[in-house]
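What follows is a set of notes on a single structure, which appears directly below.
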Amino acid sequence: MQKRFFLLFLLALLCTAASSQGMWIPSLLEKQNEKEMKALGLKLSADDIYAPAHSSIKDAICQFDGGCTGEMISPEGLLLTNHHCGFDAIQQLSTLENNFVENGYWAKNRSSELPAEGVTAMFVSRIEDVTLVVLQGITDGMAERERQSQIDKNIASLKSSTKKEKWEDIEVRPFYNGNQYYMFITQTFKDVRFVGAPPSSIGKFGADTDNWVWPRHTGDFSIFRVYADKDNHPAAYSKDNKPYQPGHFLPISLDGADEGDFSMVYGFPGATNEYLTEAAIRQTGEVLDPARVAIRDRALKVMDGFMRKDPAVKISYVARYASIANAWKKWLGEMQGLKTYKAFDKKAAYEAEFTKRIQQNPDWNTRYKNLLPRLRQLYKDIEPYALGRDYYLETMIRNNEILGTVSGLGSWINGYDPKNETEFVNKMSRVKAGLEGFYEDYHPQVDEAVLAAMMEMYGENARAEWGAADVKKMAGEAGGYAKLAKNIFEQSVFAQKSKIMTILETKKPAEVAEALRNDPAFKLWDKLQGYYNTQIQGKLQELQPQINLLQRQYMAAQMEVFKEKKFFPDANSTLRLTYGKIKGFSPKDAVQYEFQTDLDGVMEKYIPGDYEFDVPQKLIDLWKTKDYGQYATADGRMPVACIGTNHTTGGNSGSPALDANGNLIGLNFDRVWEGTMSDLNYDPAICRNIMVDSRYILFIVDKYGGAGYLLNEMKLVKGKKKKKK
Ligand code: ARG
Ligand code: GLU
């Protein structure tokens, strides 16, 4: 009986989860969400948020530089995104004399806005459901490959017959695991210029220690401007380009957000997997995440040891460390969250209900009864190979610079053909340019120690037939993993820029190929990659399509069997809207997290001279004099960040958080650690997105940066609601 109640309780949980969960397709809001959003407090209509034919909030939202989100905050193309999203551009524009990463930057006028080469801003003109066209001629019995080639053909002819302007692009993407298809007509601006950013001590405050964590005090924002040609269309950089005039720009709220307020986040979430089976998420949470976390743990500890001893290493490795640590910490949060918040039990209860329902319907039963058992079996079958893939990629490629670099050059080196050298020779300049970049921040003594640790993890923990036996034997012969790494670094030309560059610059192609093929780092990679290709990849290529097929069927079955439930499609880097409330949470028994942090909290964390927690003097002065101007809360505090129940994921960085009237109240940049499992199992009790408060952004631009003139082109709104005191 107890168990039964528990199941009922879990089902009840599943149903309530629906209220905040979801990343919705903007063109379907009226049908799917408008009523609920209004009940939660929205004052706008679905048409105000997305409209293909007239201007709407959608026109203010863009995908920033391929992986983040940005938004228009002025009629003249001013773009707001995260500091960590603009970071590469900021770093590339920095010089020793003008270090914008360190000191920040504020363009005093249009002519001091700095072209950020390669940075793009992509806007969506319209979204269309093209499922029927794309799936034309597709039948149930079709083999997967045949199915895909029919779909590719349909997409190609759809693209060529769709009307679009010549500056627009078309993309067609699968939704609901390939059960539906949507078409996006987009325009991508390529002249994007850097306008301003705070110093890293504000924009990255708390760095890796605070990453993924609430309470948070990071001013994670940067400002760019989008430029267009004389007709307001995308164009390559030209000094004659003009600021882009978007169809809509976001007013910025001076009221900020209060606990319980409606909020919505509009952006480009990257990837979620909310509809997998218990077997699948167990594999991630109990097998793959722990392995990846353990490997990165090792690599990070080695790097950290060197970074603490040597400031030069610290400068070179800080970005690399942050990126390795970002996923490491997320996976750790995810595996713990899945366990703590009973995600596996919830999935099991859901599957039990699914099975019960299909058993009551003979048609469903014939069509669906094999789905779950077969998926369970396939996940069991694929597990060792999925683990093998992660083990190989994590130890030998991703966390290891020398083998990572060699692997990038692997097909070039192996592809050398004495009878036809042109291809090899043609690629040479690109190879050299890539290596130039690589060695800029390379410290071989760090990488040697990382390689030793990674080889040890592979040799001791991976399966013998994946090459682990070879690695172990090599280490035995060398006198240990450290010694083996030392030998490789002494002999490999990749360990030193001068060695590899001399070879590339002075030797004939045949000699280059010969030298590189005999290089010990290359030989190690080549051997392991060979094992990977024969022992792991083939199996993955055999099993993964079978899983994909069944998952597609299971997705369709869930939508049919749980008719009462609203299903949003998993994130796939397309434009989505998510909504919820500004709300604190309880991470564990007797602990309650408030919804908002403030500048006093920054000062509580202040550690003079520390690379993560230093605070610039000017900010300290503003805090001491409480010089917060119109940006203070009603009770005189300077709000810094807040959290809400909006369902977000990677890619939502830089997304605007909007209030019920569509005013910008925050800038999304992270999630709370306890809730990072939300990519697999969103739980409204503990999953929260983290936003920089819009007032902190304005305060930093104006009072700290002295760039108040930028505010002249923005629209600041106040007084929409009475402040409770
Ligand atoms: N966790 C955030 C995201 O996934 C922020 C990452 C950047 N910050 C950092 N300390 N690495 O992208
Ligand atoms: N920081 C993430 C990003 O860059 C957003 C946080 C998340 O994963 O929710 O997209």
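All of these numbers come straight from a predicted model, not from anything done at the bench. Order of listing sets the numbers, starting from 1, for every ligand and every atom in it.
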Quiz item: W106 vs F221 aromatic rings, parallel, tilted or perpendicular, using cut-offs 30° and 60°?
Solution: tilted
Quiz item: Which pairs with one or both residues in residues 601-611 pass salt bridge (charged side-chain N to carboxylate O under 4.0 Å, His left out), sequence neighbours excluded?
Solution: D210-K605
Quiz item: Evaluating non-hydrogen atoms only, which member of N211, N82, V213 is closest to atom 8 (N) of ligand 1?
Solution: N211
Practice problem: Check ligand 2 against F669 and write out every atom of the ligand that is under 4.0 Å from a heavy-atom position of the residue. | Solution: 1 (N), 2 (C), 5 (C), 6 (C)
Exercise. Check each atom of ligand 1 against the heavy atoms of D208 and keep those under 4.0 Å away; list them by number with element.
Key: 10 (N), 11 (N)
Self-check item: Option of least heavy-atom distance to atom 2 (C) of ligand 2 (set: S653, G67, C68, G650)
Solution: S653
Quiz item: Which class fits the ring pair H217 and F205: parallel under 30°, tilted 30 to 60°, perpendicular over 60°?
Solution: perpendicular
Quiz item: In the protein, what heavy atom is nearest to atom 7 (C) of ligand 1, and what distance, to one decimal place, separates them?
Solution: H84 CG, 3.7 Å
Quiz item: Which bit of H84 is near ligand 2, meaning a heavy atom under 4.0 Å away: side chain, backbone, both or neither?
Solution: side chain
Quiz item: To the nearest 0.5 Å, what is the distance between CD (Q92) and CZ (F87)?
Solution: 11.0 Å
Quiz item: Does a sphere of radius 6.0 Å around NZ in K583 hold more than 12 heavy atoms from other residues, nucleotides or ligands, not counting ones at 6.0 Å or beyond?
Solution: no
Quiz item: Which bit of N668 is near ligand 2, meaning a heavy atom under 4.0 Å away: side chain, backbone, both or neither?
Solution: neither
Quiz item: How far does OH of Y176 sit from CZ of F568, to the nearest 0.5 angstrom?
Solution: 8.5 Å
Exercise. Among all protein heavy atoms, pick out the one at the shortest distance from atom 2 (C) of ligand 1; state its residue, atom name and that distance to 0.1 Å.
Key: D670 OD1, 3.2 Å
Quiz item: Looking at A207, which atoms of ligand 1 are within less than 4.0 Å of one of its heavy atoms?
Solution: 10 (N)
Practice problem: With heavy atoms under 4.0 Å as the rule, classify the contact between W212 and ligand 2 as side chain, backbone, both or neither. | Solution: side chain
Exercise. Output the list of atoms in ligand 1 that are nearer than 4.0 Å to some heavy atom of A322, sorted by atom number.
Key: 11 (N)
Practice problem: To the nearest 0.5 angstrom, please state how far the CZ atom of F595 sits from the OG1 atom of T645. | Solution: 13.5 Å
Exercise. May I ask you to list the atoms of ligand 2 that are less than 4.0 angstrom from any heavy atom of N652?
Key: 10 (O)
Quiz prompt | Atom indices of ligand 1, in the order listed, that fall short of 4.0 Å to a heavy atom of N326 | solution = 1 (N), 2 (C), 3 (C), 4 (O), 6 (C), 12 (O)
Practice problem: Measure the distances from the heavy atoms of G650 to every atom of ligand 1 and state whether one is below 4.0 angstrom. | Solution: no
Self-check item: Check ion pair D441-R320 (N to O, under 4.0 angstrom)
Solution: no
Quiz item: Are F268 and F64 an aromatic pair by the rule of ring centers under 6.0 Å?
Solution: no
